[in-house]
Engineer: 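The structure that follows is given in the form of structure tokens.
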Amino acid sequence: MSLVAIQQIIQQGIWQVFKICAPVLGAALIVGLIVAILQATTSIQEQTLTFLPKLLIILLLIALLSGWMFSSTGQYFTRIMELIPQMAR
């Protein structure tokens, strides 16, 4: 197996991690910004106020996207397993 092929596998793995994490982290970022703006406008400086909305959004997104996340990860895993015979050569 060539160095280029190994580099592509690693690159695809990094892209896979980004693809799985981006929706959840992006939603948490947006919710955090909205709550921070609301806190700034109302002068409420409660630190725990941002925790619950972020937690709920993260759990909701994981529940909604878990099928896609497992499917995408399974496809990547299948591609890696198909490359094992080529690595043995």
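Quick note: numbers below take in every heavy atom, side chains included, and nothing from hydrogens, waters or symmetry partners. Residue numbers count from 1 along this sequence.
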Engineer: Answer yes if Ile84 and Tyr76 sit in the same cluster of Ile, Leu, Val, Met, Phe, Trp and Tyr residues linked by side chain heavy atoms under 4.5 Å apart, and no otherwise.
Structural biologist: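 Yes, it is one cluster - the side chains of Ile84 and Tyr76 are joined through contacts under 4.5 Å.
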
Engineer: Rounded to the nearest 0.5 Å, how far apart are CD1 of Ile37 and OG1 of Thr42?
Structural biologist: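 Atom-to-atom, Ile37:CD1 and Thr42:OG1 are 11.5 Å apart.
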
Engineer: Measure the spacing between OG1 of Thr78 and CG of Leu83 and express it to the nearest 0.5 Å.
Structural biologist: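 CG of Leu83 is found 11.0 Å from OG1 of Thr78.
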
Engineer: When rounded to the nearest 0.5 angstrom, what distance separates CZ in Arg79 from CD in Gln8?
Structural biologist: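 Here the rounded value is 11.5 Å.
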
Engineer: Roughly how far apart are Phe70 CZ and Gln75 CD, rounded to 0.5 Å?
Structural biologist: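 Interatomic distance, Phe70 CZ to Gln75 CD, rounded to 0.5 Å: 14.0 Å.
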
Engineer: Could you pull out all residues at least two apart from Lys54 that satisfy side chain to side chain donor-acceptor pair (under 3.5 Å)?
Structural biologist: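 Expected list: none.
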
Engineer: Report the distance from atom CD1 of Ile14 to atom NZ of Lys19, rounding to the nearest 0.5 Å.
Structural biologist: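 Going from CD1 on Ile14 over to NZ on Lys19, the span is 14.0 Å.
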
Engineer: Check for me, please, whether Phe77 and Ile9 land in the same ILVMFWY cluster - side-chain distances under 4.5 Å, paths through other members count.
Structural biologist: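 In one cluster: yes.
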
Engineer: Other members of the hydrophobic cluster containing Val35, with the 4.5 Å side-chain heavy-atom rule, please.
Structural biologist: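 So far as hydrophobic clustering goes, Val35 is joined with Ile20, Val24, Val31, Ile44, Leu49, Ile57, Ile58, Leu61, Ile62, Leu65, Trp68, Met69.
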
Engineer: For Thr48, which residues count as a side chain to side chain donor-acceptor pair (under 3.5 Å) partner, sequence neighbours excluded?
Structural biologist: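 Once residues adjacent in sequence are excluded, the partners of Thr48 under the side chain to side chain donor-acceptor pair (under 3.5 Å) criterion are Glu46.
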
Engineer: Can you get from Leu59 to Phe51 by hopping between Ile, Leu, Val, Met, Phe, Trp and Tyr side chains that sit under 4.5 Å apart?
Structural biologist: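 They do share one cluster, since a chain of ILVMFWY contacts under 4.5 Å joins Leu59 to Phe51.
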
Engineer: If every non-hydrogen atom of Thr73 is compared with every non-hydrogen atom of Gln16, which pair is closest and at what distance?
Structural biologist: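 Scanning both residues completely, I find the closest heavy atoms to be N-NE2, 3.3 Å.
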
Engineer: Answer yes or no: are there more than 12 heavy-atom neighbours, outside Gln11 itself, under 6.0 Å from its atom CD?
Structural biologist: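 No.
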
